Amino acid sequence: MRTRFVLVEPSHAGNVGAVARAMKVMGFADLALVRPRWPDVLQRPEAVERASGAVDVLQQARVVATLDEALTGISHVCTTAMTPRDFGPPVAAPRPYLAALAPHALAGGESGVAFVFGPERYGLSNADVYRSHVCLRIPTAADYGSLNLAAAVQLIAYEWRLALGGFGAEAAAGPSGPRRAPPADAPALSGLLDHWREALLAVGYLDAASPKKLMARLRLLVQRAAPTATEVHILRGVARAVIEAARRHSG
């Protein structure tokens, strides 16, 4: 079960280095950057200096063009945000949510868990938050909730390490009986939803001119269901059959 930290459009190289340090202190090393301001951010002097002994985390980090690429191999996505949304995944404090998630993840219930952080100035877009299973909100003072990016990563990394049992602890025992295959990763779910969107358009259920929040609600439904890769293939096969039937009917 992998743990990945994802920074979307980070604008300060020093923050990226500080994030690498925060991760390594808690025993994590999988870092992905989505469209950073500086293409060479992982080699910039400010990043290397702030990494302070965690240069190896920078050296193995990946720079990718899309959030989908960053979430390859990840089945459970946690975004972070300060401001509540009027729609989207549930909002939870990190400690109770991660304490409940860890035993399930350690028992093989997830192929990977990702923590996604937005740009320093304005945070994650609604579209990125909608892609997650939960929006983690770090409790802060009511009149001042501004957290530095690396500080936020440090807090989440600590809470996740604590939930996993700390250092040197035995992994929590999973439930007895056959182990269910882990859920499909985030890009697979996006592909499924794209396929279903095409099918719903084909039968006239989805109005392209006024889609409202249908696809966003379907995303939440699919993420709650946590289908395996095999189940995603089945659902895409259904979508393919629907599209073909609609074409035959229109013909």
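This one's a predicted model, so the numbers in the text were calculated from it and none came from an experiment. Side chains are part of it too, since the values below use all heavy atoms of this structure and drop only hydrogens, waters and symmetry mates.
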Give the minimum heavy-atom separation between [X] and [Y], together with the two atoms involved.
| X | Y | result |
| --- | --- | --- |
| R4 | T72 | NH1-O, 2.7 Å |
| A226 | P183 | O-CB, 3.8 Å |
| G88 | L220 | O-CD1, 3.9 Å |
| L58 | A51 | CD1-CB, 3.7 Å |
| K24 | G53 | NZ-O, 3.1 Å |
| V222 | P227 | O-CD, 3.2 Å |

ask   = Name the one of D68, N126, T79 that satisfies side chain to side chain donor-acceptor pair (under 3.5 Å) with R131?
value =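 It is D68, the one option of D68, N126, T79 that forms the side chain to side chain donor-acceptor pair (under 3.5 Å) with R131.
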
query = What residue among R2, E110, Q223 forms side chain to side chain donor-acceptor pair (under 3.5 Å) with S75?
reply =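 It is E110, the one option of R2, E110, Q223 that forms the side chain to side chain donor-acceptor pair (under 3.5 Å) with S75.
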
message = According to ring pair (Phe, Tyr, Trp, His ring centres under 6.0 Å), who are the partners of H133, at least two apart in sequence or on a separate chain?
response =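 If we apply the ring pair (Phe, Tyr, Trp, His ring centres under 6.0 Å) test to H133, skipping adjacent residues, the hits are H76.
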
Got a donor-acceptor contact below 3.5 angstrom from the [X] side chain to the [Y] backbone?
| X | Y | answer |
| --- | --- | --- |
| S111 | I74 | no |
| W196 | L235 | yes |
| E120 | P10 | no |

ask   = With sequence neighbours left out, which residue pairs that include part of residues 88-97 fulfil the salt bridge (Lys or Arg N to Asp or Glu O under 4.0 Å) condition?
value =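 Only R95-E159 qualify under salt bridge (Lys or Arg N to Asp or Glu O under 4.0 Å).
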
query = With a cut-off of under 6.0 Å to the ring centre and 45° to the axis, is R161 in cation-pi contact with F28?
reply =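 R161 over F28 ring: yes.
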
Rounded distance [0.5 Å steps], [atom1] in [X] versus [atom2] in [Y]:
| X | Y | atom1 | atom2 | value |
| --- | --- | --- | --- | --- |
| L67 | L71 | CG | CG | 4.0 Å |
| I243 | E198 | CD1 | CD | 3.5 Å |
| L7 | L33 | CG | CG | 5.5 Å |
| E244 | H249 | CD | NE2 | 16.0 Å |

Quick check: is [Y] connected to [X] through a chain of hydrophobic side chains (ILVMFWY, heavy atoms under 4.5 Å apart)?
| X | Y | result |
| --- | --- | --- |
| L101 | F117 | yes |
| V232 | V77 | no |
| L164 | V134 | yes |
| M26 | L98 | yes |
| I156 | V16 | yes |

Greater than 12 external heavy atoms within 6.0 Å of R62's CZ =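 Atom CZ in R62 is packed in, count exceeds 12.
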
query = Tell me, do P89 and V129 make a side-chain contact under 4.5 Å, heavy atoms counted?
reply =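 Yes - at least one pair of side-chain heavy atoms lies under 4.5 Å apart.
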
inquiry  = A side-chain contact here means heavy atoms from C-beta on lying under 4.5 Å apart; do R44 and D40 qualify?
reply    =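 Yes; the side chains approach each other to less than 4.5 Å.
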
task = Test R236 against E231 for side chain to side chain contact (heavy atoms under 4.5 Å, CB included), laying out the working first.
result = CA-CA 9 Å; R236 292 193 69 160; E231 290 165 345; over 6 Å; no

request  = Applying side chain to side chain contact (heavy atoms under 4.5 Å, CB included), run through V48 and Q43 and close with a yes or a no.
outcome  = CA-CA 7 Å; V48 175; Q43 292 81 41; 5.7 Å; no

task = Please report the C-alpha distance between L155 and L147 in whole Å, then the side-chain angles of each, then the deciding distance to 0.1 Å, and finally whether the side chain to side chain contact (heavy atoms under 4.5 Å, CB included) criterion is met.
result = CA-CA 10 Å; L155 281 166; L147 273 171; 4.2 Å; yes

request  = Test side chain to side chain contact (heavy atoms under 4.5 Å, CB included) on T80 and R137 and set out the steps.
outcome  = CA-CA 6 Å; T80 53; R137 191 176 182 194; over 6 Å; no

